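Index from 1, following the sequence. Note that these values count all heavy atoms, side chains included, but never hydrogens, waters or copies made by symmetry. If you're wondering where the values come from, they're calculated on a predicted model, not measured in any experiment.
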Amino acid sequence: PYNELWETHMNNVLNVKNINFIYHTLDKEIEAIKNISFTLDKGEFGAIVGPSGCGKTTILSLIAGLLKPTKGEITLDGKPVDVSKIGYMFQKDHLFEWRTIWQNVILGLEIKKKQKDTVMTDNVKNLLEKYGLKDFIKSKPRELSGGMRQRVALIRTLATDPKLLLLDEPFSALDYQTRLNVCDDVYNIIKSENKTALLVTHDISEAISLADKVIILSERPSYVKKIMNIDLTSYGSPLKRREAHEFRALFDEIWKEIQYDKKEEKES
């Protein structure tokens with residue numbers, strides 16, 4: 001297990017400390033998560049990887065307040081999590097086909113009754129222009145490519161100015177070529193806007209190419225086996241990072257951690 005001493009830094013945005021989560025069924029309790037701890041600093045991009053069914057998405061749900069931990073503490077900027085400061089991006093873009101792109105991106109503002117806030121709506125307009133969507137604000141989602149739709153979904157998430165972005169396998173519904181391009185787009189937007197982000201993915205290459213920090217989970221009940229700091233920023237975009245000479249070694253190290261855990265599970 002990963003046993004680094006718990007430290008609190010002034011620039012920590014997210015602190016997940018000793019989180020446990022137990023599912024209750026009619027006839028038993030299932031321990032899903034066991035003493036998980038990690039932090040994300042401001043502007044840091046984290047990724048969670050691990051065996052299938054280990055609870056990656058459950059961790060996002062706990063951070064977002066959709067589930068309550070059985071034990072442990074989660075804080076945002078040193079305070080209990082305010083869910084209004086969390087942005088969540090799902091596997092599918094969930095754009096409403098009957099609404100225009102503009103109506104889709106301001107949906108969060110409408111829910112918060114801030115659609116008439118000129119500062120926030122001007123910010124949305126700037127984001128749409130900055131990331132090549134200005135000419136499509138009157139279009140319907142069906143008129144856009146898969147990659148453009150994901151950009152719209154991300155801008156919708158950014159519209160409410162969240163402190164933390166949670167990304168639940170947001171590229172898994174895309175074909176491989178589109179996926180690589182959208183990874184670059186999403187990474188560039190998140191970094192350009194200096195947002196803190198946490199990605200859940202089953203794709204090790206995707207985690208390495210996007211993240212500053214990869215959190216490796218064990219089989220269920222999952223704990224943090226290892227946290228790897230990834231320093232490939234000098235290569236530029238996620239696509240270019242995949243060409244780094246260190247990439248293969250990083251991939252192999254993460255792969256072995258996950259596969260060894262599966263092997264242990266079969267032998268026990």
When you look at Lys85 and Leu164, which way does the side-chain contact (heavy atoms from CB on, under 4.5 Å) test go after all the steps?
CA-CA 7 Å; Lys85 294 183 178 180; Leu164 175 68; over 6 Å; no
I'd like to know whether Ile190 forms a side-chain contact (heavy atoms from CB on, under 4.5 Å) with Leu167, so could you lay out the CA-CA distance, the side-chain angles of the two residues, the decisive distance to 0.1 Å, and finally the verdict.
CA-CA 11 Å; Ile190 289 172; Leu167 313 174; 3.9 Å; yes
Evaluate side-chain contact (heavy atoms from CB on, under 4.5 Å) for Leu128 paired with Trp102, printing each intermediate quantity in order.
CA-CA 9 Å; Leu128 288 167; Trp102 175 254; 3.7 Å; yes
Give the intermediate values and the outcome of side-chain contact (heavy atoms from CB on, under 4.5 Å) for residues Asp82 and Lys163.
CA-CA 10 Å; Asp82 178 350; Lys163 282 280 185 182; over 6 Å; no
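Within a 6.0 Å radius of NZ in Lys240, other residues, nucleotides and ligands contribute 12 heavy atoms or fewer. For Lys34, the NZ atom sits in a loose shell: 12 or fewer heavy atoms of surrounding residues, nucleotides or ligands are nearer than 6.0 Å. More than 12 heavy atoms of other residues, nucleotides or ligands lie within 6.0 Å of NZ in Lys191, so this atom counts as buried by the packing criterion.
With rounding to the nearest 0.5 Å, the separation of CD1 in Ile36 from CG in Asn20 is 8.5 Å. Atom-to-atom distance recorded for Arg241:CZ and Asp184:CG is 10.0 Å, nearest 0.5 angstrom. In this structure, the separation between CG on Asn18 and OG on Ser37 is 4.0 Å, given to the nearest 0.5 Å. For the atom pair Asn104 CG and Arg149 CZ, the distance stands at 8.5 Å (nearest 0.5 Å). Atom CZ of Arg242 is separated from atom CD1 of Ile208 by 9.0 Å, given to the nearest 0.5 angstrom. Between the NZ atom in Lys112 and the CE atom in Met120 there is a gap of 6.5 Å [rounded to 0.5 Å].
A distance-only check finds a donor-acceptor pair linking the side chain of Gln103 to the backbone of Thr100 [under 3.5 Å]. Remark: the backbone N or O of Ser205 is paired with a side-chain donor or acceptor of Ser209 at under 3.5 angstrom. Between the side chain of Asp212 and the main chain of Gly46, no donor-acceptor pair closer than 3.5 Å is present. Of the possible donor and acceptor atoms, none in the side chain of Asp77 sits under 3.5 Å from a partner among the backbone N and O of Thr75. Judged by distance alone, with hydrogens and angles left aside, the side-chain atoms of Lys56 form a donor-acceptor pair with the main-chain N or O of Gly50 at under 3.5 Å.
Under 3.5 Å, the side chains of Thr178 and Asn181 contain no donor-acceptor pair of N or O atoms. With no hydrogens or angles considered, no side-chain donor-acceptor pair links Asn15 and Thr39 at under 3.5 Å.
Follow the hydrophobic side-chain contacts under 4.5 Å out from Leu180 and you never reach Phe171; the two are in separate clusters. Grouping the Ile, Leu, Val, Met, Phe, Trp and Tyr side chains by contacts below 4.5 angstrom, directly or via other members, places Tyr187 apart from Leu239. Under the 4.5 Å side-chain contact rule for hydrophobic residues, Phe136 and Leu107 do not share a cluster. Linking Ile, Leu, Val, Met, Phe, Trp and Tyr whenever their side-chain heavy atoms come within less than 4.5 Å puts Ile230 and Trp255 in one cluster. Under the 4.5 Å side-chain heavy-atom criterion for ILVMFWY residues, no single connected hydrophobic cluster contains both Val83 and Val16.
No side-chain heavy atom of Leu109 sits less than 4.5 Å from a side-chain heavy atom of Ile111. In this structure, the side chains of Ile86 and Leu166 come closer than 4.5 Å at one or more pairs of heavy atoms. Within the 4.5 Å cutoff, the side chain of Ser84 has no heavy atoms near those of the Thr160 side chain. In this structure the side chain of Pro141 never reaches within 4.5 angstrom of the side chain of Phe96, judged on heavy atoms. The closest side-chain heavy-atom distance from Ile258 to Leu217 is not below 4.5 Å. Lys213 places none of its side-chain heavy atoms less than 4.5 Å from the side chain of Met228. Using a 4.5 Å cut-off on side-chain heavy atoms (C-beta onward), Ile189 and Arg151 make contact. Considering only heavy atoms from C-beta on, Tyr88 stays 4.5 Å or farther from Thr157 through its side chain.
Contact record, Pro238 with Leu210: CG-CD2, 3.7 Å, taken as the closest heavy-atom pair. Cys54 and Ser222 make their closest contact through O-OG, 2.8 Å (heavy atoms, listed as atom of the first residue, atom of the second, distance). Across every non-hydrogen atom of Val49 and Ala207, the tightest pair is CG1-CB, 3.7 Å.
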Side chains of residues 58-71: which donor-acceptor partners sit under 3.5 Å, not counting sequence neighbours?
unit_1, atom_1, unit_2, atom_2, d
Thr58, OG1, Tyr23, OH, 2.9
Ser61, OG, Thr57, O, 3.2
Thr70, OG1, Ile22, N, 2.8

Pairs under 3.5 angstrom only: tabulate donor-acceptor contacts from the side chains of residues 243-251 to other protein residues two or more places apart or in another chain.
unit_1, atom_1, unit_2, atom_2, d
His245, ND1, Tyr235, OH, 3.1
Glu246, OE1, Tyr235, OH, 2.9
Arg248, NH1, Asp252, OD1, 3.4

Counting only pairs under 3.5 Å, give me each side-chain donor-acceptor contact of residues 193-202, with atom names and distances, residues two or more places apart or in other chains.
unit_1, atom_1, unit_2, atom_2, d
Glu193, OE2, Lys130, NZ, 3.0
Glu193, OE2, Tyr131, OH, 2.7
Lys195, NZ, Asp161, OD1, 2.6
Lys195, NZ, Pro162, O, 2.8
Thr196, OG1, Gly43, N, 2.9
Thr201, OG1, Asp203, N, 2.9
Thr201, OG1, Glu206, OE2, 2.9
His202, ND1, Glu169, OE1, 2.6

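Salt bridge absent: Glu97 and Lys140 never bring a charged side-chain N and a carboxylate O closer than 4.0 Å. Ion pairing between Glu31 and Arg220 fails under the 4.0 Å rule for side-chain N and carboxylate O. Under the 4.0 Å criterion applied to side-chain N and carboxylate O atoms, Glu73 and Lys17 are not assigned as salt-bridge partners.
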